[in-house]
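One structure below.
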Amino acid sequence: MNLDAARQRIESAITQYGQHAAMAIELVINEVRSDMGRDAVNELIDEFDLELMYNIAPMESDYSNS
């Protein structure tokens, strides 16, 4: 997936589900993270203000502590 496709899918989810779009957006965010990494995810979260609207926080790191 590329950023343009992700943007379209997020916009579509917001249009279709409104305040209940978080689950659909999370699916897109997870796919973007897998394909392009945390910087791309954080760009989308900032662009669509997803943290404020849907409580989807920016990602700190691609690496876990486990």
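- Taking all atoms of both residues into account, the shortest heavy-atom contact from A40 to V32 is CB-CG1, 3.8 Å.
- Note: the hydrophobic cluster containing M1 also contains L44 (ILVMFWY, side chain heavy atoms under 4.5 Å, direct or indirect links).
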- Task: Begin from the C-alpha positions of R7 and E43 and carry the test side-chain contact (heavy atoms from CB on, under 4.5 Å) through to its verdict.
- Result: CA-CA 10 Å; R7 284 183 182 100; E43 181 178 331; 3.0 Å; yes
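- Tracing side-chain contacts under 4.5 Å through hydrophobic residues (I, L, V, M, F, W, Y), one never reaches V28 starting from Y17; they form parts of separate clusters.
- Nearest heavy atom pair, residue M59 against residue R38, reads O-CD, 3.8 Å.
- No salt bridge links E26 with R33; every basic N to acidic carboxylate O contact stays at or beyond 4.0 Å.
- Note that the CG atom of N42 and the CD atom of E60 stand 8.0 Å from one another [nearest 0.5 Å].
- Interatomic distance, CD1 of I14 versus CG of L50, reported as 6.0 Å (0.5 Å rounding).
- Under the 4.5 Å side-chain heavy-atom criterion for Ile, Leu, Val, Met, Phe, Trp and Tyr, I29 and L3 are members of the same hydrophobic cluster.
- In this structure, CG in D49 is found 10.5 Å from OH in Y54, a value given to the nearest 0.5 Å.
- Heavy-atom contacts from other residues, nucleotides or ligands closer than 6.0 Å to CG of N2 number more than 12.
- Not one N or O on the side chain of S34 forms a donor-acceptor pair closer than 3.5 Å with the backbone of N30.
- A pairwise comparison of heavy atoms in A13 and I25 identifies CB-CG1, 4.2 Å as the closest pair.
- Annotation for A22 and I56: closest pair O-CD1, 4.2 Å, computed over non-hydrogen atoms.
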